[in-house]
Amino acid sequence: SGLLGKSGARSSGLHALTLTQMLGRAFLGLRGPALTRGLGTKGCWNNLVSPKVFTLSRTPSFMTDALINGGMDGTILGNELSGTTEHPLKLSSLLTGYYRYHAGPEGLNTAAPLISVLRRDNFKALVSPSVLQEQVLDSLRVYWTLRGDVPVEDPAPVVKQGVEIFMQTHTACPTIISRCEWGAAPYRGTPTQLTLPLSYMYIHHTYEPGEPCVSFEQCAAAMRSMQRYHQESNGWDDIGYSFVAGSDGYIYEGRGWYWQGAHTGGYNSKGYGVAIIGDFTVRLPSQHTLNLVKDELPACAVSGGRLVPTYIVHGHRQMVATECPGNALYEEIGTWPHFCVSANDSICAIYATLHF
Ligand SMILES: *[C@@H]1O[C@H](CO)[C@@H](O)[C@H](O)[C@H]1NC(C)=O
């Protein structure tokens with residue numbers, strides 16, 4: 001009952017069974033509205049340097065993110081192992097490479113290597129929703145057979161819904177590092193709630209720091225230093241950006257999906273402000289970083305009802321007198337499908353209806 005098509009060899013079934021059986025039991029145990037909030041929860045350590053206490057962000061579910069991540073990793077690594085027949089594979093080097101990967105100075109790049117940072121990309125490339133549905137049902141049949149139980153009703157509709165929710169919550173969006181994970185200071189004052197869905201995404205570079213960050217430690221430190229600067233020197237309530245892309249493979253949560261940012265003067269209530277860490281006047285971020293901002297984050301926002309499907313991309317400089325997001329990055333975003341060269345709302349709205 002392997003989840004994977006690669007070879008159907010000896011090890012594929014076990015990894016698949018763990019994830020699919022747990023998912024199946026979670027779907028059946030939850031059903032209805034509970035299903036939508038019953039999968040996964042992240043949490044945070046009390047301290048990034050010497051962590052002692054881990055607090056879950058809400059009531060833990062049967063399928064925590066840690067369990068789901070482990071199941072996804074098992075699927076990815078199991079597939080790799082089952083496809084390796086030529087030479088004895090050192091499991092320790094596979095695991096070390098997977099969990100202790102370090103990006104080069106240019107940041108993580110496209111050719112999706114087998115690393116935990118790219119878990120969602122690699123999982124999506126291996127597993128389609130329809131295959132996952134079948135496999136969850138197969139796993140449940142095995143589970144019931146072993147227990148001698150008989151299901152009272154057809155599990156297929158619940159499993160179908162569950163797989164949709166799982167794909168939405170755990171693969172439709174890139175991994176977003178939450179505020180508590182990067183060690184954000186509290187918001188100062190009272191935030192303004194955005195009216196969703198928004199219609200714009202404004203692209204920024206941070207300029208300072210000027211170097212792309214290529215590890216979680218570097219990117220988290222950059223987030224804390226920008227937040228400190230925005231709060232203490234600018235006197236703002238919080239870091240200005242809605243989201244920030246590192247070159248370590250992750251998106252970092254700034255003000256997030258629901259709260260108005262301070263990124264694009266006069267337009268903060270209309271769009272999300274997304275910055276890429278670095279100075280992109282003469283060079284570009286890595287292709288992987290660009291794809292996160294060009295495709296993955298907006299696709300996630302659209303599927304979650306936070307951005308309209310006809311959203312428009314603008315560079316910061318189109319709205320405000322500034323060099324941001326740098327000449328090189330501005331030229332790059334000019335080639336993105338949702339970019340509108342005009343800063344005029346009505347012209348961009350017409351352009352959007354004609355093009356997407
Ligand atoms: C935007 O374009 C429309 C249509 O060309 C025009 O009527 C309007 O005055 C423009 N708005 C601004 C603020 O320039």
Side-chain angles (χ1 to χ4, degrees), residues 187-208 226 229-231 233-245 251 253-282 284-285 289-356:
Y187 190 94
R188 295 180 179 173
T190 310
T192 304
Q193 191 150 11
L194 291 165
T195 306
L196 303 183
L198 301 182
S199 301
Y200 295 89
M201 185 166 83
Y202 303 112
I203 307 298
H204 299 247
H205 68 163
T206 61
Y207 189 68
E208 297 262 347
M226 287 188 287
Y229 189 82
H230 289 177
Q231 288 185 325
S233 305
N234 296 2
W236 298 348
D237 296 345
D238 192 9
I239 187 169
Y241 309 117
S242 310
F243 293 95
V244 180
I251 295 280
E253 180 186 26
R255 305 233 183 160
W257 298 119
Y258 305 110
W259 308 109
Q260 183 174 312
H263 43 81
T264 313
Y267 300 89
N268 291 317
S269 64
K270 298 188 154 202
Y272 292 113
V274 180
I276 304 178
I277 295 179
D279 171 356
F280 300 112
T281 307
V282 295
L284 283 176
T289 309
L290 289 171
N291 290 348
L292 274 176
V293 178
K294 177 173 75 161
D295 301 321
E296 295 194 31
L297 189 67
C300 152
V302 170
S303 72
R306 289 145 187 171
L307 210 48
V308 298
T310 55
Y311 71 90
I312 300 286
V313 168
H314 277 142
H316 187 194
R317 65 168 66 173
Q318 291 175 274
M319 321 312 296
V320 175
T322 170
E323 293 290 303
C324 178
N327 289 340
L329 182 54
Y330 184 64
E331 205 173 298
E332 161 68 23
I333 67 173
T335 69
W336 292 5
H338 284 252
F339 178 80
C340 179
V341 72
S342 166
N344 177 312
D345 279 1
S346 18
I347 290 173
C348 288
I350 294 165
Y351 176 79
T353 10
L354 293 175
H355 290 83
F356 26 93

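Side-chain atoms are counted along with the backbone in the values below, which use heavy atoms only and exclude waters and symmetry mates. Ligands are counted one by one from 1 in listed order, and the atoms in each one are counted from 1 as well.
Contact atoms of ligand 1 toward Ser346: 1 (C), 2 (O), 3 (C) (distance under 4.0 Å to a heavy atom of the residue).
Taking the ring centre of Tyr330 as origin, the terminal cationic atom of Arg317 falls inside the region bounded by 6.0 Å and 45° from the ring axis.
For atom 10 (C) of ligand 1, the candidate residues are Asn344, Ile350, Asp345; the nearest heavy-atom contact is made by Asn344.
More than 12 heavy atoms of other residues, nucleotides or ligands shown are found within 6.0 angstrom of CZ on Phe356.
Two rings, from Tyr202 and His316, have their centers 6.0 Å or more apart. A ring-centre distance under 6.0 Å is not found for Tyr187 and Trp259.
Distance remark: protein heavy atom present below 4.0 angstrom from atom 2 (O) of ligand 1.
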